[in-house]
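Below: the structure, in structure tokens.
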Protein chains: 2
Amino acid sequence: MDNRIKVLRAERDWSQQTLADKLGVSRQAVNAVERGKHDPSLQLAFDIASQFNLRIEEVFFPITKSATEDKASA
Amino acid sequence: MDNRIKVLRAERDWSQQTLADKLGVSRQAVNAVERGKHDPSLQLAFDIASQFNLRIEEVFFPITKSATEDKASA
DNA sequence: ACAATATGTAAGGTGTGTTTTACATATTGT
DNA sequence: ACAATATGTAAAACACACCTTACATATTGT
């Protein structure tokens, strides 16, 4: 999952540790999500977006099938 | 995690199985998410919102700390 | 009455998100 | 030179999302 966390942190001059503390998760968790090593839980995604005062869709970018595509019939 | 999946399905007259097929997951996965038994992965949350042509925030409702609240200093 | 569909639920297994601990490197300030 | 901070990374353990299989109940159509 692609995301803009690194840039959003930089804009606010937050370290990974700073963000981790705000979120109540480990620095490694922030690092892994930021680098796309794995996806955050939905709850953590909400929390991250909230810290940046953005919506989830403004922070995270899945490899997006079009909204109308139907996996079953595609 | 609270959500509006049941209503959104009803508006479209989709069964849990129908939605599951569209998402490429099991009916039980849809049932569990819909009933709040557990949260979907972020990817699945994106896919669900996409099927309803809505944003994640219009489908899922976390127990929301205010956007400006800081867990570390609250 | 019977078959088919829709939903809820449970058990057991696999994959992965998150944790703690730990080490390495680069950068900055003194 | 030294200390402190920021970042990347790894291993081992735990929690849980999601799977398959299976059964129960209710509703609908014939």
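Because only heavy atoms are used, hydrogens play no part in the values below, and waters and symmetry mates are left out as well, while side chains stay in. Chain letters run A, B, ... following the sequence lines, proteins first, then strands; residues in each count from 1.
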- Query: Hey, which of these two, B/Ser41 or B/Arg27, hits DNA chain D nearer its 5' end, going by closest nucleotide?
  - Reply: B/Ser41

- Check if the side chain of B/Gln28 and the base of C/dT7 share a donor-acceptor pair of N or O atoms closer than 3.5 Å. no

- Rounded to whole Å, the CD1-C1' distance (B/Ile48 to D/dC18) equals 12 Å

- Query: Does OP1 or OP2 of D/dT7 have a side-chain N or O of A/Asn31 closer than 4.0 Å?
  - Reply: no

- Using whole Å, report how far CG of A/Asn3 lies from C1' of C/dG17. 15 Å

- Starting at atom NE2 of A/His38, determine the distance to atom C1' of D/dT9, rounded to an integer number of angstrom. 13 Å

- Query: What's the CG-P distance between B/Asp47 and D/dC18, to the nearest Å?
  - Reply: 10 Å

- Message: Only pairs with both distances under 3.5 Å count, Watson-Crick or wobble alike; so what is the partner of D/dG29 in this structure?
- Response: C/dC2

- Task: Identify the nucleotide, in any strand shown, that forms a Watson-Crick or G-U wobble pair with C/dT20, with both distances under 3.5 Å; if there is none, say none.
- Result: D/dA11

- Atom pair distance, as rounded to whole Å: CG in B/Asp13 and C1' in C/dT5: 12 Å

- Item | Short side-chain to backbone donor-acceptor contact, A/Asn3 and A/Val33, under 3.5 Å | yes

- Task: Check whether any side-chain nitrogen or oxygen of B/Arg9 sits under 4.0 Å from OP1 or OP2 of C/dA6, and answer yes or no.
- Result: no

- Query: Counting side-chain heavy atoms from C-beta on, which of D/dG8, C/dT18, C/dG8 comes nearest to A/Lys6?
  - Reply: D/dG8

- Hey, does the side chain of A/Ser26 come within less than 4.0 Å of C/dT18's phosphate (OP1/OP2), counting only N and O? no

- Using atom CD of B/Glu34 as one end and atom P of C/dT9 as the other, report the distance to the nearest whole Å. 12 Å

- Quick one: label B/Ser15 by what it contacts on the DNA or RNA (base, sugar-phosphate, nothing), any heavy atom closer than 4.0 Å. sugar-phosphate

- Message: The side chain of A/Gln16 is closest to which nucleotide in this list: D/dT7, D/dC19, C/dT18?
- Response: D/dT7

- Begin from the C-alpha positions of B/Arg4 and B/Phe52 and carry the test side chain to side chain contact (heavy atoms under 4.5 Å, CB included) through to its verdict. CA-CA 11 Å; B/Arg4 299 214 314 131; B/Phe52 293 128; over 6 Å; no

- Euclidean distance, atom CD of residue B/Gln17 to atom P of D/dC19 [Å, nearest integer]: 11 Å

- Message: Is there a side chain to side chain contact (heavy atoms under 4.5 Å, CB included) between A/Leu8 and A/Leu54? Walk through the geometry before answering.
- Response: CA-CA 10 Å; A/Leu8 294 168; A/Leu54 294 172; 3.7 Å; yes

- Side chains of A/Gln51 and A/Asp47: do they bring a donor and an acceptor to under 3.5 Å? no

